2 protein chains.
Amino acid sequence: MKENGKIPPATVKRLPLYLQCLEQVGSTEVGISSKTLAELAKVNDAQVRRDLSYLGTLGTRGVGYDISTLRNQIQLELGLVEGWSAVIVGVGNLGSALAHYGGFKERGFGVVALFDDDPKKINKQIAGLVVKPSSELKEVCDKYSVAIGIIATPGEYAQSVADQLIECGVRSILNFAPVLLKNTPDVQIRSVDLSQELQILSYYLDRPVLKAVK
Amino acid sequence: MKENGKIPPATVKRLPLYLQCLEQVGSTEVGISSKTLAELAKVNDAQVRRDLSYLGTLGTRGVGYDISTLRNQIQLELGLVEGWSAVIVGVGNLGSALAHYGGFKERGFGVVALFDDDPKKINKQIAGLVVKPSSELKEVCDKYSVAIGIIATPGEYAQSVADQLIECGVRSILNFAPVLLKNTPDVQIRSVDLSQELQILSYYLDRPVLKAVK
DNA sequence: GAGTGTGAAAACATTCACAGCT
DNA sequence: AGCTGTGAATGTTTTCACACTC
């Protein structure tokens, strides 16, 4: 109901999930109930209603939610309609996987350039983009107003890449290197550590049935 | 203090982080205080103490925690000393990245086989392992008692791969494909969606300074 | 009748603050 | 003096349950 005001972090984390669910129901259906959405997202239906209520009064009592309205509102709220530009630094296997990953474009992120300082990789074409040396980072960041830097280098270079990105005015970083980056005021850093996910899984491996954590 | 009993999910998620911090301090130091560890992990120091207290009484009042004891206990608690076997299905860029990812071995996971049904990839060598067709999945899972299946295929194959893995007795799945897998009783599924992370980041992009969410 | 939106309750998580040990 | 371990306080998230709307 609260049109303005901050959305709780726990809700922000679920919004992309709802978006994915909505995409998966396809275009056969025009409306959806909190119950159905909850089943797809594997959460409680009251949770869905509460989460969506932070985006405004989107549903119709007795009926449900209109899928395309819902999609639009979530995208709007997450800032996915702003057309943010991103760069990927490091084009080993992981960086290449990210560069090829179609999900970015579809979801409002434009990868405008790839960087790598390995001479063997410079000037190679990956996913339609030419790999550039990091010396050209500043130029590209200025030209495209790059908002997001994605780090996919080996761990040992990650901090220095982060420093360069911040230096170039990038204020949001998604780090896939398995190191802890120093944090800087006003810079958002999210880290995805592939092996940490496995380690969490491991905890729930031996024992009886326990609820999954997300 | 509670030696036995379940560890809260929120704590389980931080344990791998602490482990990483402890690795990063190196072997120069022998002990560490909750304050120092908290700074590295970017959490509150009371949080660190509370989290660690679930593993037993590990610290020494007035002194701090012994690093190697701490490491051992966390690894033990997470089940990282069990030597779980894992397989990776899908060896595109992402699967290859995962296969090469050193962090797994170091952290107690042995990737015992790679699978892909693309004829161009079968029999290729990646990270010292030969790529096999999924028809050999059952044989490998039995032979090595595979506990974890890592899915790195394109989205359209993910559900069928998951079904096969479950069929072969794998009870824990780490899914990197951007689709929602049906869940099955007694099977742990964790999904890592690379673009979801970006979308969360996006929410915090435009606005003034907001706290990071992890 | 069906399904939203939301107070109120319950569950969970974080942080404070300090007694107690080294 | 320094730092842990933990009750108690506070903050956040989830869930219940139902008044309200279509």
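Bear in mind that the values here come from a model prediction, so they are computed numbers and not experimental data. Order of the sequence lines fixes the chain letters, A, B, ..., with proteins taken first and strands second; residue numbering starts at 1 for each chain.
B:L58 has its CG atom 17 Å from the C1' atom of C:dT22, to the nearest Å. The OH-P distance, from A:Y65 to C:dA2, rounds to 18 Å in whole Å. When the C1' atom of D:dT13 is taken as reference, atom NZ of B:K13 falls 12 Å away, rounded to whole Å. As rounded to whole Å, 11 Å separates atom P of D:dT12 from atom OH of A:Y54. Straight-line distance from the CG atom of A:L52 to the C1' atom of C:dT4: 10 Å, rounded to whole Å.
With hydrogens and angles disregarded, no donor-acceptor distance shorter than 3.5 Å links the side chain of B:Q188 to the backbone of A:L205. The backbone N or O of A:P178 sits less than 3.5 Å from a side-chain atom of B:Q20, completing a donor-acceptor pair. The closest donor-acceptor contact from the side chain of B:Q159 to the backbone of B:K182 lies under 3.5 Å.
The two residues A:Y101 and B:S195 have their closest heavy-atom pair at CE2-CB, 3.5 Å.
Residues from residues 31-40 of chain A with heavy atoms under 4.0 angstrom of DNA chain D: there are none.
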For nucleotides 15-22 of chain D, 5' to 3', base contacts (B), sugar-phosphate-only contacts (S) and non-contacts (-) with protein non-hydrogen atoms under 4.0 Å give BBB-BBBS

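Neither side chain, B:D45 nor B:S34, offers a donor N or O lying under 3.5 Å from an acceptor on the other.
Partner of B:Y65 under the side-chain contact (heavy atoms from CB on, under 4.5 Å) criterion, out of B:L58, B:L37, B:T36: B:L58 alone.
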Side-chain donor-acceptor distances from residues 143-158 of chain B under 3.5 Å, at least two apart:
none

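Contact annotation: the side chain of B:R171 never approaches that of A:Y204 to less than 4.5 Å [non-hydrogen atoms, C-beta and beyond].
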